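Here is the structure we will look at, set down as structure tokens.
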Amino acid sequence: MTSKNMWFLGRFMHRHRGVSQLSSFFSSTSCAAEGAVAPPVDSSVTAEQAVRLWAQHFTLHGISEPLLSSQYIIAHVLGHKTFDGVDRRQLKDPLTDTQRVSVWKLCTKRLTSMPVQYVIEEWDFRDLTLKMKPPVFIPRPETEELVGLVLENLRLIRGESYGTDLRCLELGCGSGAISLSLLHNIPQLRVFALDQSQAAVCLTMENANRLGLQDRLEVQQLDVMGDSDALLSKCGPVHFLVSNPPYLLTQEMQSLQTEIVRFEDHAALDGGLDGLSVIRSILVLASKLLIESGRVYLEVAQCHPPVIRQMIEETMPGLLYLETRCDLTNRPRFCIIQRRA
Amino acid sequence: MSSLLLRILHGFGPPLHRQLFKWPFVLAAGKKDLIDLPVLNEEDLEEQFVRGSGPGGQATNKTSNCVVLKHLPTGIVVKCHQTRSVNSNRKLARDILREKLEVEYKGEESELLRRQRESIQKKQDKRRKVNENIEKKRRFKETLNTGGGDFSIKSQEP
């Protein structure tokens, strides 16, 4: 144990002198994070105490976002999305035996650096709550903005009600976040969604069924880098393409958080040396799959927009680079591209 | 609750509406009869997300999505962490801010405050009725036990 850990423990004990769990708690924390032992629970504990106890334990074992992790997990066990949703009085109530067992089981998973979204097996994406399962890629907040951008752009082109008969293709659907959000917002939309991972295809379908959106969605296991003719024959012309393709540069893959490296599908992240290998394939497909003037909406790495623009101008005469948009942290993040008429 | 008591509560400590109600109040799902809420100007707003300094995008998996929204002209700050979606929290923060601005601008004339007081009153009336019913039943039971009236059971009288 480092001297920092010792200091932390000392402070913890000072604040909570008299709680019987502590002495055994103290002796169990000499383990490395890998084989970390959970704090023992032989007596009653309130929701509030559980949050504090686990936040301290996560901190000791170098787990990122220790307090947030603890709060999300306990809120979930109590039936809420966030800690803010838990009634202040309920926090002071002792956890039931079932709740305590559940909290301990889930928090122990978090000790392995499993992302919170996989621990509680769900997460929110815009208006929807989606099931999450490793190793299917967890939707990021930036992608919520991609959906917002697509909706706004479609309203601009097709009017406030999105016009009639709209078809789209999503490449690399993962948990189904993008497709399902669009289906939820646009009643007349039909989506063809692909992923090269069978796990992702299954999870997207599961989420679609849970949300009652399965009738307007077709999901298939297909590799966008693979047989494009197969894809072309299965999916007719569409009004637009949308994708959050793997866009990390191979060198970036080296320095990722433990949560990501250990639990998420690397194939959903790695875009090759320049991060553009999948994006390139998508753009090649775009000219063949889009109706005239149809658009491509992409989420990309912040270094990509100018490179993509140049690539299109120099090597893809069928496409027109329209616009780059930034995300909420002001990083260039989204590309809008059009098939020339 | 008398209006005097309400005024006292309103005067001391945090405002009544902040303590007792879940925000947004009117804009929450299921509430009909929308009232006139002030329109928000994005230029008047300062927004903060706890996103950290990481690379962002696919390279980051952080779960901090609390939104803090400040209305510069009035100084009112809304903090929202009701959902696990940044996008939803941003929308809710704006709904809550619009409602708080309505109270701020209208003061005692606030339609929102009026509806909240109505809601308190309804809940109190309901509770009073429930208690009255419990009391009635308790008295009735007592009548049975003390053997009063024709309701008592006189067993096996010779």
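Here is how names work: the chains are called A, B, and so on, in the same order as the sequence lines, proteins then strands, and each is numbered from 1. Quick caveat, the model's predicted, so the values are computed rather than measured.
- Annotation: side chain of A/F125 is in contact with side chain of A/S181 (closest heavy-atom distance under 4.5 Å).
- Side-chain contact of A/E144 with B/S85: a donor-acceptor pair under 3.5 Å is present, judged by distance alone.
- The residue among A/I260, A/V300, A/L256 with the most heavy atom pairs within less than 4.5 Å of chain B is A/I260.
- Residues B/S88 and A/D127 meet the side-chain proximity criterion, which asks for heavy atoms closer than 4.5 Å.
- Looking only at atom types and distance, the side chain of A/E299 has a donor-acceptor partner in the side chain of A/Y247 under 3.5 Å away.
- Contact of A/R333 with chain B is made through the side chain alone, with heavy-atom distances under 4.5 Å.
- Within the 4.5 angstrom heavy-atom criterion, atoms from both the backbone and the side chain of A/L248 approach chain B.
- Scanning residues 125-136 of chain B against chain A with a 4.5 Å non-hydrogen threshold yields no residues.
- For the pair A/D327/A/Q302, no side-chain contact is recorded, criterion being any heavy-atom separation below 4.5 Å from C-beta on.
- The residue from B/L69, B/D95, B/L97, B/N89 that alone fulfils the side-chain contact (heavy atoms from CB on, under 4.5 Å) condition with B/C80 is B/N89.
- Looking only at atom types and distance, the side chain of B/T74 has no donor-acceptor partner in the side chain of B/E104 under 3.5 Å away.
- Of the two parts of A/L249, neither the backbone nor the side chain holds a non-hydrogen atom closer than 4.5 Å to a non-hydrogen atom of chain B.
- For the atom pair CG (A/N207) and CG (A/L203), the distance works out to 5.0 Å, reported to the nearest 0.5 Å.
- Top candidate by heavy-atom pairs under 4.5 Å with chain B, chosen from A/G148, A/G85, A/P246, A/P115, is A/P246.
- With a 4.5 Å cut-off on non-hydrogen atoms, A/L68 touches chain B through its side chain but not through its backbone.
- Ring geometry, A/W54 versus A/F58: the interplanar angle falls from 30° to 60°, so the pair is classed tilted.
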Step by step, would you call B/E99 with B/V103 a side-chain contact (heavy atoms from CB on, under 4.5 Å)?
-> CA-CA 7 Å; B/E99 291 191 351; B/V103 176; over 6 Å; no
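- Contact residues of residues 72-84 of chain A toward chain B are A/Y72, A/H76, A/K81, A/T82, A/D84 (heavy-atom distance under 4.5 Å).
- The closest side-chain donor-acceptor pair between A/S69 and A/R110 falls under 3.5 angstrom.
- Side-chain contact annotation: B/Q58 with A/N244, donor-acceptor N/O pair under 3.5 Å present.
- B/H81 and B/N65 are linked by a side-chain donor-acceptor pair at a separation below 3.5 angstrom, with hydrogens and angles left out of the test.
- Within the 4.5 Å cutoff, side-chain heavy atoms of A/E122 are placed close to those of A/K131.
- At a 4.5 Å heavy-atom cutoff, the contact between A/S64 and chain B is made by side-chain atoms alone.
- With a 4.5 Å cut-off on non-hydrogen atoms, A/A301 does not touch chain B at all.
- If you measure heavy-atom distances from A/Q117 to chain B, the contacts under 4.5 Å come from the side chain alone.
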